[in-house]
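Here is the structure we will look at.
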Amino acid sequence: LAWRSIAWKELVFLHHQYELPYKHHLCQHLGLYQREAGGLYVAEKMNTQVLPDHKLSSVAPLKAYNNVEKREVELILVKDHNGVQYTSSSIIPSSSSNACPPGSSEDEERETWGRKIDFLLSVIGFAVDLANVWRFPYLCYKNGGGAFLIPYILFLVIAGMPLFYMELALGQYNREGAATVWKICPIFKGVGYTVIIIALYVGFYYNVIIAWSLYYLFSSFTSELPWLKCGNSWNSVNCTDPKLLNGSFLGNGTSYSKCKFTPAAEFYERGVLNLHESKGIQDLGLPRWQLTLCLVVVVFILYFSLWKGVKSSGKVVYITATMPYVVLFVLLIRGITLPGAMDGIRAYLHIDFNQLNNPTVWIDAATQIFYSLGAGFGVLIAFASYNKFDNNCYRDALLTSTVNCVTSFFSGFAIFSVLGYMAYKHGVKIEDVATEGAGLVFIIYPEAISTLPGSTFWAIVFFIMLLTLGIDSSMGGMEAVITGLTDDFKILKRNRKLFTFATAFGTFLVALLCITNGGIYVLTLLDTYAAGTSILFGVLIEAIGVSWFYGVDRFSEDIERMMGFKPGLYWRLCWKFVSPAFLLFVVVASIVTSTGVRYDDYIFPRWSNVVGWAIAMSSMLFVPFYAIYKFITVPGTLKEKIAYCITPEHEHHLVAEGNVRQFKLKHWLAI
């Protein structure tokens with residue numbers, strides 16, 4: 001137990017049978033240094049009374065202090081129930097004060113993960129998503145094969161892991177979502193809203209891709225897969241049997257992966273998307289009822305996975321985070337037995353060091369490692385905020401980020417063994433069938449599966465994998481939105497189930513635009529702008545806020561309070577210099593290499609690019625707008641306003657004393 005004076009932060013600790021780290025947790029919010037003395041934790045630099053051991057049923061009365069003014073205090077309790085820890089906070093009025101009448105105390109509880117494995121699987125499930133399967137293998141193949149791993153691993157070690165570690169530690173120490181975690185530097189709270197809005201935007205279209213997977217899954221429950229042959233209601237007169245498409249037929253420069261007249265390609269674009277009924281983004285039409293039903297199922301799965309917080313989502317990931325690994329292994333075993341599989345794997349792993357002279361390779365590696373790990377969406381902060389205070393998030397960061405990257409590399413074998421089989425079957429080169437994105441998982445791979453014995457089984461297994469890959473990543477994004485806003489607005493926390501439903505229903509309504517006849521154009525626009533430059537900008541500001549304004553040395557001390565050891569010099573240098581420089585490089589590269597958005601041969605009209613940048617700016621503008629709002633609303637002179645804006649909230653009393661750490665050169669030079 002800790003009794004904390006609101007005015008003077010005087011503490012009285014009652015030693016009880018709770019584990020030592022939990023007493024450590026009680027005073028971590030005050031930013032105090034502790035030392036162990038006589039079996040108790042004593043807070044230094046303050047008037048402290050230490051009481052002997054007692055059971056809760058017989059608490060010793062406090063010794064009277066004649067020279068200490070009676071003040072309102074905040075009672076903080078950590079309790080353990082069925083393996084779940086809660087922190088509870090109550091305002092206790094002094095007997096001589098009427099400022100807080102009885103019955104007006106505000107109780108706050110924050111649950112923690114039931115088990116450590118719940119957290120690990122949730123983080124892995126979020127980080128390992130569709131891009132691990134449909135983007136990394138193709139990037140690796142295109143950019144020099146094994147040589148691509150050099151910049152990829154380099155950026156993982158110097159930027160990916162440090163950012164991953166920083167977000168986990170930030171959320172775990174402060175036990176807050178992406179917005180309220182910025183009590184450490186109030187002027188940066190806008191970046192919290194930025195990443196929350198971006199996570200919401202991504203949910204608008206990411207759920208649609210999951211709905212496609214569900215539609216394919218339902219369509220697979222037939223004796224003959226619907227994308228095997230022509231002659232269906234959705235096929236055009238140009239539909240061509242894949243057996244007729246060989247190297248000589250494709251001699252006009254069109255690669256097999258770009259051919260639009262195969263049964264698999266027509267099932268995707270005409271049977272699922274109904275794209276042939278749209279003339280462009282200005283001609284959307286109505287939502288397709290089949291995809292609408294699939295989207296309803298996806299939204300209901302998300303709602304019932306999240307409505308009870310980590311108590312429910314922590315159990316769902318036992319299936320959604322582990323299933324992809326089982327399926328990938330099964331698909332790999334099947335894939336390597338196919339003719340031509342070894343050619344595909346050799347193409348995947350071929351080493352071309354000359355590619356490293358191409359700047360695009362380095363930009364691709366930097367962008368892929370950033371998006372693959374999922375830093376900056378507020379998800380890691382939200383998940384870590386439900387950890388126990390003394391959890392070793394350093395080990396978690398190393399483990400989960402490594403698992404994510406190994407999964408990307410491993411999935412390439414399952415993908416390219418099948419692409420090798422496709423190239424062999426049609427008598428073309430690997431480069432003619434190699435592709436990325438939706439074309440890989442919804443056209444090329446399903447077509448390959450349809451030619452195998454027992455194709456129905458393999459199709460069902462494959463689309464279950466896509467479904468589970470997408471669901472837990474979407475759960476993570478929605479949890480970031482829910483945790484970020486409920487921590488900031490207590491009325492939402494008190495009505496979490498209703499707010500979760502409102503969030504899920506809101507994403508459903510916007511997603512309807514993406515399942516119209518021209519919905520793929522809306523999805524492409526959102527995918528390009530909603531989480532492109534804006535998320536890179538958000539994480540850059542986040543890294544600067546933590547490393548420079550809050551201070552790497554102070555952040556390291558926070559980590560030491562949690563885990564008992566400081567991060568090494570390597571991590572501190574990465575946080576202070578390397579990670580911000582890396583993010584700045586990626587931001588500049590994304591802007592320089594940015595071109596007008598397009599979908600295959602369709603070039604979007606100019607006005608749609610303006611709409612796209614408006615979507616991107618709508619999230620980024622929270623950073624300057626909130627900073628201006630905060631500066632205007634805090635009291636004091638110009639110097640005091642600046643001090644209040646960049647000083648952690650629990651140190652605002654130091655501003656009144658004129659002791660502002662950020663106004664000293666030592667703060668900016670500290671590592």
Original post:
Is there side-chain contact between Ile363 and Phe585, with at least one heavy-atom pair below 4.5 Å?
Top reply: yes

**OP:** Take the angle between the ring planes of Phe409 and Phe136 and call it parallel below 30°, perpendicular above 60°, tilted in between.
**Re:** perpendicular

Original post:
Are any of the side-chain heavy atoms of Phe164 and Val123 separated by less than 4.5 Å?
Top reply: yes

Subject >> Under 3.5 Å: donor-acceptor pair, side chain of Ser618, backbone of Ile615 >> reply: yes

Subject >> Sub-6.0 Å ring centroid separation between Phe604 and Tyr602 >> reply: yes

**OP:** Applying side-chain contact (heavy atoms from CB on, under 4.5 Å), run through Phe508 and Val296 and close with a yes or a no.
**Re:** CA-CA 7 Å; Phe508 167 76; Val296 168; 3.6 Å; yes

Subject >> NZ/NE/NH1/NH2 to OD/OE distance under 4.0 Å, Lys189 and Asp488 >> reply: yes

Original post:
When you measure from the side chain of Thr180 to the backbone N and O of Glu176, does any donor-acceptor pair fall under 3.5 Å?
Top reply: no

**OP:** Return the minimal non-hydrogen interatomic distance between Leu485 and Phe499, and the atom names on each side.
**Re:** CD1-CZ, 3.7 Å

Original post:
So, Asp352 side chain and Asn354 main chain: donor-acceptor pair closer than 3.5 Å or not?
Top reply: yes

Original post:
Is the Phe549-Trp668 ring centre distance short of 6.0 angstrom?
Top reply: yes

Original post:
Is a donor on one side and an acceptor on the other found under 3.5 Å between the side chain of Tyr599 and the backbone of Leu525?
Top reply: no

Original post:
Side chains of Asn238 and Ser236: donor-acceptor distance under 3.5 Å anywhere?
Top reply: no

Original post:
Do the two ring centres, one from Tyr216 and one from Phe267, sit under 6.0 Å apart?
Top reply: yes

Subject >> Short side-chain to backbone donor-acceptor contact, Arg288 and Gln290, under 3.5 Å >> reply: no

**OP:** Using modelled atom types only, decide if a donor and an acceptor are shared between the side chain of Trp548 and the backbone of Lys576 within a distance under 3.5 Å.
**Re:** yes

Original post:
Nearest 0.5 Å, what's the OG-CG distance between Ser385 and Leu170?
Top reply: 10.5 Å

Original post:
Got Val191 and Tyr626 here, is their nearest side-chain heavy-atom distance under 4.5 Å?
Top reply: no

**OP:** Could you tell me how the ring of Phe204 sits relative to the ring of Tyr201: parallel (under 30°), tilted (30 to 60°) or perpendicular (over 60°)?
**Re:** tilted

Subject >> Neighbour count >12 (heavy atoms, 6.0 Å) for atom OH, Tyr570 >> reply: yes

Original post:
So which heavy atom on Phe126 is nearest to which on Leu373, and how close?
Top reply: CE2-O, 4.3 Å

Subject >> Closest non-hydrogen atom pair, Phe383 against Glu479 >> reply: CE2-CG, 3.8 Å

Original post:
Any donor and acceptor pair, going by atom type alone, linking the side chain of Ser305 with main-chain N or O of Ser313 inside 3.5 Å?
Top reply: no

Original post:
If you measure from CD1 on Ile210 to CG on Leu469, what distance do you get to the nearest 0.5 Å?
Top reply: 10.0 Å

Original post:
Is a salt bridge present between Glu269 and Lys260, judged by a nitrogen-to-oxygen distance below 4.0 Å?
Top reply: yes

**OP:** Please report the C-alpha distance between Arg346 and His350 in whole Å, then the side-chain angles of each, then the deciding distance to 0.1 Å, and finally whether the side-chain contact (heavy atoms from CB on, under 4.5 Å) criterion is met.
**Re:** CA-CA 6 Å; Arg346 276 193 290 269; His350 81 287; over 6 Å; no

Original post:
How are the rings of Phe463 and Trp227 set relative to one another: parallel (under 30°), tilted (30 to 60°) or perpendicular (over 60°)?
Top reply: perpendicular

**OP:** Over all heavy atoms of both residues, which pair between Ala178 and Ile196 is shortest? Give the atoms and the distance, please.
**Re:** CB-CG1, 4.2 Å

Subject >> Contact summary for Ala531 and Ile198, nearest pair of heavy atoms >> reply: CB-CG2, 3.9 Å

**OP:** Working to the nearest 0.5 Å, report the span between OG of Ser122 and CE of Met475.
**Re:** 6.0 Å

**OP:** Kindly check if the number of other-residue, nucleotide or ligand heavy atoms within 6.0 Å of CG (Asp601) is above 12?
**Re:** no

Original post:
Is the closest side-chain heavy-atom distance between Leu154 and Ile150 below 4.5 Å?
Top reply: no

Subject >> From CG (Leu286) to OG1 (Thr292), nearest 0.5 Å >> reply: 9.5 Å

**OP:** For residues Leu399 and Asp396, determine if any side-chain heavy atom of one lies less than 4.5 Å from a side-chain heavy atom of the other.
**Re:** no

**OP:** Could you tell me whether the side chain of Val272 reaches within less than 4.5 Å of the side chain of Tyr215, counting heavy atoms only?
**Re:** yes

Return all side-chain donor-acceptor pairs below 3.5 angstrom for residues 509-523, not counting sequence neighbours, or 'none' if the list is empty.
{"unit_1": "Thr516", "atom_1": "OG1", "unit_2": "Leu513", "atom_2": "O", "d": "2.9"}
{"unit_1": "Thr516", "atom_1": "OG1", "unit_2": "Gly519", "atom_2": "N", "d": "3.2"}
{"unit_1": "Asn517", "atom_1": "OD1", "unit_2": "Asn274", "atom_2": "ND2", "d": "2.9"}

**OP:** Please list all pairs passing the side chain to side chain donor-acceptor pair (under 3.5 Å) test where one or both residues lie in residues 141-170, with sequence neighbours left out.
**Re:** Asn143-Asp364

Original post:
Counting distance only, does the side-chain N/O of Ser619 pair as donor-acceptor with the main-chain N or O of Ile197 below 3.5 Å?
Top reply: no

**OP:** Report the C-alpha separation of Leu536 and Leu540 in whole Å, then their side-chain angles, then the decisive distance to 0.1 Å, and conclude whether the side-chain contact (heavy atoms from CB on, under 4.5 Å) test is met.
**Re:** CA-CA 6 Å; Leu536 298 169; Leu540 173 62; over 6 Å; no

Original post:
Can you name the nearest heavy-atom pair linking Leu356 to Trp362, along with the distance?
Top reply: O-NE1, 2.8 Å

Original post:
Hey, what's the ring geometry for Phe442 with Trp134, parallel, tilted or perpendicular (30° and 60° as the breaks)?
Top reply: perpendicular

**OP:** Write out all pairs satisfying side chain to side chain donor-acceptor pair (under 3.5 Å) with one or both partners inside residues 399-410, taking only residues at least two apart or from two chains.
**Re:** Asn132-Asn404, Asn132-Ser408, Tyr325-Thr407, Ser372-Asn404

Subject >> Tyr206 and Thr507 side chains, donor-acceptor separation under 3.5 Å >> reply: no

Subject >> Note, Leu275 side chain near Glu266 side chain (heavy atom, < 4.5 Å) >> reply: no

**OP:** Keeping the roles fixed (side chain from Thr533, backbone from Tyr529), state whether a donor-acceptor pair exists under 3.5 Å.
**Re:** no

Original post:
Is Ile281 close to Trp607 at the side-chain level, that is, under 4.5 Å between some pair of heavy atoms?
Top reply: yes

**OP:** Check whether the side chains of Glu447 and Tyr256 place a donor and an acceptor atom closer than 3.5 Å, and report yes or no.
**Re:** yes

Original post:
Where the side chain of Ser417 meets the backbone of Ala414, is there a donor-acceptor pair that is under 3.5 Å apart?
Top reply: yes

